[in-house]
There are 2 protein chains.
Amino acid sequence: MNFHGGNIYGFQNIVDYSSNINPVGVPDSFKHAIIKHIDEFSKYPEISYEGLKKNVGKYLKVNKENVAVGNGAVEIIYNFFRICSYKKVYIISPTFSEYKRAAELNGIEVEEIFAYNFDTMNFDIDVVLDSVQENSVVVLCNPNNPTGSFLGKEMIIKFINYLNTINSFLFVDETFIEFTGNKKNSLSDLKLDNLFVLRAATKFFGMPGLRLGYAVAESHIIKCIEKITPPWSINSAAVIASEVIFFDKEYIKKTDIWLNEIENMYCLLKEVEGLKVFKSHVNFHMIKILYNNIDCIQLYEGLVSKGFAIRISEGFKGLDKSFFRVAVKDDINNKKFVFTLKEVLKCLKG
Amino acid sequence: MNFHGGNIYGFQNIVDYSSNINPVGVPDSFKHAIIKHIDEFSKYPEISYEGLKKNVGKYLKVNKENVAVGNGAVEIIYNFFRICSYKKVYIISPTFSEYKRAAELNGIEVEEIFAYNFDTMNFDIDVVLDSVQENSVVVLCNPNNPTGSFLGKEMIIKFINYLNTINSFLFVDETFIEFTGNKKNSLSDLKLDNLFVLRAATKFFGMPGLRLGYAVAESHIIKCIEKITPPWSINSAAVIASEVIFFDKEYIKKTDIWLNEIENMYCLLKEVEGLKVFKSHVNFHMIKILYNNIDCIQLYEGLVSKGFAIRISEGFKGLDKSFFRVAVKDDINNKKFVFTLKEVLKCLKG
């Protein structure tokens, strides 16, 4: 079974704390652009997506020859593992489930390294170093979903250098990187042979429905990916969006101001009895229920009945049913949510 | 090299006769719906696309359990060949190049059967029957791109029954079927174990930029395809469109009236000296240049300089450089195009 956040279909009037999307919403620049350029849908998108790759390159400050684009970050994950010649993949876990699914679909052996340290609230890089063998790919989601943990650039560069000595490769999923509030945190400017950096418009630009993912890597890797990608895999709305959203200063500024809500919500959640909130660097929080008689499914059901969805731990291997994940939204909704969470917990505690 | 129609980027003010899109344009119903539902982009699309499949099912009058949806018809072609357990694929040619690319990417042996009869202007089914071996997939594009030829339902049913006796399977690409002007021409209602019917919103609803393909087959085949499809492969614009375009009677009526232009343009083209126009059942015409000293690339260059793009034969194996394909558009443009074609031919002939 495929279990993901954002699956709120079938419910009415639910405030969705299960998916980690920028609550600033669909950028106005996109709304205007799609009306203006709606007739673009009557043309095939440019088959090599030169314009789109140029826009991404401008945003990330890299050459378009180093940019691959995809039908959401997920298509790029799947295509990466299709062209992957390494025989083993290590996934730093718990994390997003699609890396494993994509690697296994392509017959690659997967080992999950459970390196998240619940005390330090970060990945224990020594555990990873001890596990990884030669000629492998290591997958790191940074900041990580669902733990919210974040490894700094300096430490990752050391790690990449080590991987280089054992002929291994790092695949970094940075789809949440902009929420750390510092553009320089990204590895996309590094230009290393054994590094693949995945990004997306989905989260930060608040549009998972757009399906626009992109990646930065050495140009020969980009070419290999393009060789197996079906033609026209990105739709016109995504191409239209790329002309405006990356350069929408107002939207980016609004979001940067909103980033304060991450800490505000953390403070609110920390005060809730019976929960352990893990320190997060991004727009969501992983939480553990400390009451033995309550699991995340009961909590989910209680919250849904009050109009809120959360992301239960199912699908995140390495997390038992005491864990759940919540998004960060605007101040008013966050307060309502935490208030309701308290009530539901109290009720479940009995 | 990937060669397709519609690749008019880099040119200004070109009337695009190279891509076979309904010239009625982007449906108004879609334009209204996308403005109304623009905030849908801020949600993940429904992961199982139940609503989308229901809309397709309603349009094609089949159960949603028999419907697969894809990021354009092309994604479905690629996914079909990924799950294909047959070891050999016969492609009835000349035809669209992506079947071959997709089959070969998945390590399946491909044999092209050049069965188009240039005299009868249709596929010679006996040539196909003689060639196909047991345990194979036969790919038929019907109506066919680029020949415009069309095999009737009765003949295809006989062919499918024959394939059944040799444990073989028919993959039919019907992405142009609505242009034949009769809904009943489609095989999508047949419910046969050894039949896969591919359709798309691309051509008839005039929106290749939407990326919405769908297919009808036995439910176990649908499930196999869904198992390997990355999540959220279809964007929100396509989901929004599916709510309205299939039921947009005004658009369908407008298009049905416009279908007369196919015959009108055929009559205009037939009168041009030095060309042989093949009888077409759809919204494009395949044409052979009869002058030995002129090839389609020279013609393309001559026409582009006058503001028109055509589809040259490159990428259609089995057609030499004397062939090209033109779309059918509105009456005024068609007349301008044919007038210009005459002029350019005259000039090239010298």
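In this text, all values refer to a predicted model and were calculated from it rather than measured experimentally. Here is the naming used below: chain letters follow the sequence lines, and residue numbers restart at 1 for every chain.
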Exercise. Listed by residue number, which members of residues 20-30 of chain B have a heavy atom under 4.5 Å from any heavy atom of chain A?
Worked result: B:I21, B:V26, B:F30

For this session: Step through the shown structure and confirm whether more than 12 heavy atoms of other residues, nucleotides or ligands are within 6.0 Å of CD on A:E65.
Result: yes

For this session: Check each atom of B:I34 against the heavy atoms of chain A and say whether the ones under 4.5 Å are side chain, backbone, both or neither.
Result: side chain

For this session: Below 4.5 Å from any heavy atom of chain B, which atoms of A:E104 appear? Answer side chain, backbone, both or neither.
Result: neither

Exercise. How close do B:R211 and A:Y44 get, heavy atom to heavy atom, and via which atoms?
Worked result: NH1-CE2, 4.4 Å

Exercise. Roughly how far, to the nearest 0.5 Å, is the CD atom of A:E75 from the CG atom of B:N71?
Worked result: 6.5 Å

Exercise. Would you call B:M207 and A:I38 a side-chain contact if the rule is heavy atoms closer than 4.5 Å?
Worked result: no

Problem set entry | Residue A:N79 versus chain B: region with a heavy atom under 4.5 Å | neither

Seminar exercise, completed: Here the pair of heavy atoms bringing A:P208 nearest to B:P45 is O-CD, 4.1 Å

Exercise. Counting only heavy atoms not in B:K31, do more than 12 fall under 6.0 Å of its NZ?
Worked result: yes

Exercise. Which residues satisfy the ring-ring contact (aromatic ring centres under 6.0 Å, His included) test with A:F81, sequence neighbours excluded?
Worked result: A:F171

For this session: Return the minimal non-hydrogen interatomic distance between B:P231 and A:R101, and the atom names on each side.
Result: CD-NH1, 3.6 Å

For this session: Measure A:T202 against the heavy atoms of chain B and call it side chain, backbone, both or neither at under 4.5 Å.
Result: side chain

Exercise. Roughly how far, to the nearest 0.5 Å, is CG of B:L105 from CD1 of A:I228?
Worked result: 7.0 Å

For this session: Select, from A:A102, A:S233, A:A237, the one with the greatest count of heavy-atom pairs under 4.5 Å involving chain B.
Result: A:S233

Exercise. Should the heavy atoms of other residues, nucleotides or ligands under 6.0 Å from CD1 of B:I257 be counted, would the total exceed 12?
Worked result: yes

